[in-house]
Asker: 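If you scroll down you'll find the structure; I have some questions about it.
When a residue number appears, it is its place in the shown sequence, counting from 1. Atoms within a ligand are numbered from 1 in the order they appear, just like the ligands themselves. Predicted model, so just to flag it, every value in this text is computed and none were measured.
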Amino acid sequence: MVSRKLSLLLSVSLLAIPVFAQQQDPSKPKPRVIVLGVNGMELDIIRPLLLKGQMPNLSRVIENGAYGKLRTVSAPNCPRVYSTLFTSTNPEEHGVTGFIVGGITANTNMLKEEPVWSMLSKSGITVGLANVPATFPVMPVNGYMISGMLTRGKNCEDGVLCAPKLSEVMGGDAVYPKSLQAELLKNVGDFYIDCERMPAAGDLKGHETELIDKWLGKVQVIREQQTKLFDYLLTTHPTEFTFLAQSCEDRTGHWLYPITPFNVGYNPSINNVRQDAFPNQYVAFDKVLGSILKHVDENTYLIIFSDHGIKPLREFEEKDPHAHMDHEKTTPVIAKHDFADGDDVPGSFFAMGPGIKHDLRLMGLGVSVYDVAPTVLHIYGIEPPKQMRGRVLTEIFERADNKAAAKQ
Ligand SMILES: [Zn+2]
């Protein structure tokens with residue numbers, strides 16, 4: 001119901017953009033912002049890679065911008081945190097409290113608070129989203145939207161942690177506008193919308209090396225398809241605000257985190273096989289980032305974030321209350337992120353762009369997932385609405401009244 005109201009508001013406002021547009025100088029080009037979400041990016045894993053020079057593109061972003069830990073919510077998982085990030089309201093307020101809400105897979109019809117792309121659309125800013133978790137079914141925007149994690153499809157009827165191809169989507173639209181779907185199938189191919197589901201413990205037994213390698217191979221296929229998709233969208237459908245996301249890193253970490261024999265859940269037949277598999281995900285991610293950086297000029301803001309980190313299990317939790325279902329039910333996980341205290345698994349935040357300080361390290365947990373949407377609105381000179389709990393990250397800008405922002 002609420003989402004219908006939001007959609008209605010949005011479609012009405014799309015017809016009346018000049019009325020809703022903020023006090024921006026129409027002769028000046030609007031700021032360009034690219035937000036890139038990397039699910040579960042863990043600083044403990046990427047810091048050594050940065051030191052070894054294995055993530056040159058992320059190093060470049062750090063040198064030219066601000067970075068630090070990103071405070072997340074309690075018991076963080078993707079739909080819960082992404083919905084918090086894009087509405088800047090808490091899970092109880094926006095309604096997407098986890099993978100499953102009231103017995104139903106989280107979806108955009110549950111969203112009770114307005115997401116940032118809807119606000120931007122109303123202000124006449126063009127927006128594009130691809131593979132962002134918890135954006136299925138897609139909503140009308142002033143641009144395009146391609147759903148991500150929790151998209152339902154063939155062999156993925158529940159929509160949880162599986163990889164339907166674009167042509168296999170069921171139970172709602174994965175692409176807005178509809179006409180974009182045929183164009184993508186023609187020019188990008190029938191790509192996987194989300195990362196692969198992990199193999200079950202029973203299947204792994206006795207075939208560990210073979211199945212691990214097969215799974216990692218599929219992950220790389222999905223990543224290459226995503227890279228092609230992002231590059232195609234940024235080239236042929238450039239938007240002022242673009243939000244892209246990746247999800248395979250997190251899943252790799254859950255069962256292939258490089259742990260040692262004293263860690264809970266250690267199983268040498270799985271955990272000794274490809275100890276570099278998880279770090280290698282970030283080396284591969286860095287290449288995706290390199291492809292995106294080709295579309296980032298000195299007037300573009302780039303924000304990279306992870307919704308949470310991931311840490312080795314600390315104890316067996318037999319009555320696990322969280323809903324990271326397939327990880328827990330079928331795959332022998334050795335790392336997780338939905339600890340009751342979200343401060344145990346902070347995400348990460350990186351930002352660079354015009355007026356953003358260089359080589360700024362953000363200490364402590366002063367930056368939170370609630371702050372990303374207000375900061376994006378600020379860049380466009382839009383006052384964050386009252387319901388938003390986050391703040392504008394003024395400390396990352398050279399000037400608090402950052403000249404790119406139209407207000408003040
Ligand atoms: Zn996860």
Side-chain angles (χ1 to χ4, degrees), residues 36-46 70-85 91 96-101 105-106 131-136 148-151 156 158-163 192-201 212 215-216 218-219 222-223 226 245-259 263-265 270-271 277-282 284-285 305-314 317 320-348 369:
L36 176 59
V38 189
N39 294 348
M41 182 150 64
E42 171 54 54
L43 287 166
D44 286 351
I45 302 290
I46 66 168
L70 186 68
R71 184 171 223 170
T72 188
V73 298
S74 64
N77 61 44
C78 285
R80 184 173 166 88
V81 185
Y82 270 82
S83 302
T84 300
L85 181 131
V96 181
T97 50
F99 280 92
I100 307 290
V101 184
T105 304
N131 293 163
V132 178
T135 57
F136 178 79
M149 183 192 282
L150 299 179
T151 298
C156 184
D158 62 356
V160 178
L161 300 168
C162 39
Y192 290 103
I193 289 213
D194 184 20
C195 193
E196 175 78 337
R197 192 171 264 176
M198 300 184 306
I212 288 170
W215 189 85
L216 290 170
K218 175 95 176 275
V219 160
I222 294 169
R223 180 175 283 112
Q226 259 183 338
Q246 293 239 300
S247 61
C248 283
E249 296 81 3
D250 171 77
R251 239 160 279 182
T252 309
H254 276 284
W255 67 298
L256 299 175
Y257 198 104
I259 61 169
N263 283 109
V264 171
I270 296 173
N271 306 126
F278 189 36
N280 282 348
Q281 294 299 305
Y282 296 118
F285 158 73
F305 76 89
S306 67
D307 48 340
H308 50 69
I310 184 164
K311 304 282 186 193
L313 299 182
R314 293 182 298 215
E317 296 176 21
D320 210 351
H322 71 273
H324 222 146
M325 301 200 329
D326 278 6
H327 294 5
E328 298 297 319
K329 276 188 182 161
T330 63
T331 310
V333 298
I334 48 167
K336 67 173 214 168
H337 42 77
D338 34 11
F339 294 104
D341 183 355
D343 287 355
D344 285 344
V345 276
S348 48
V369 292

Asker: With a 3.5 Å distance limit and no angle check, can you tell me whether Thr72 reaches the backbone of Pro346 through a side-chain donor-acceptor pair?
Answerer: no

Asker: Within 45° of the ring axis of Tyr257 and under 6.0 Å from its six-membered ring centre, is that where the NZ or CZ of Lys336 lies?
Answerer: no

Asker: Strictly below 4.0 Å, N to O, side chains only: are Arg223 and Asp194 in salt-bridge contact?
Answerer: no

Asker: About how large, to 10 degrees, is the angle OD1 of Asp250, then the Zn ion (ligand 1), then NE2 of His337?
Answerer: 80°

Asker: Does any N, O or S atom in His308 come within less than 2.8 Å of the Zn ion (ligand 1)?
Answerer: no

Asker: Please work out whether the ring planes of His337 and His308 are parallel, tilted or perpendicular, with thresholds of 30° and 60°.
Answerer: parallel

Asker: Taking just the N, O or S atoms of His254, which one is nearest to the Zn ion (ligand 1)?
Answerer: NE2

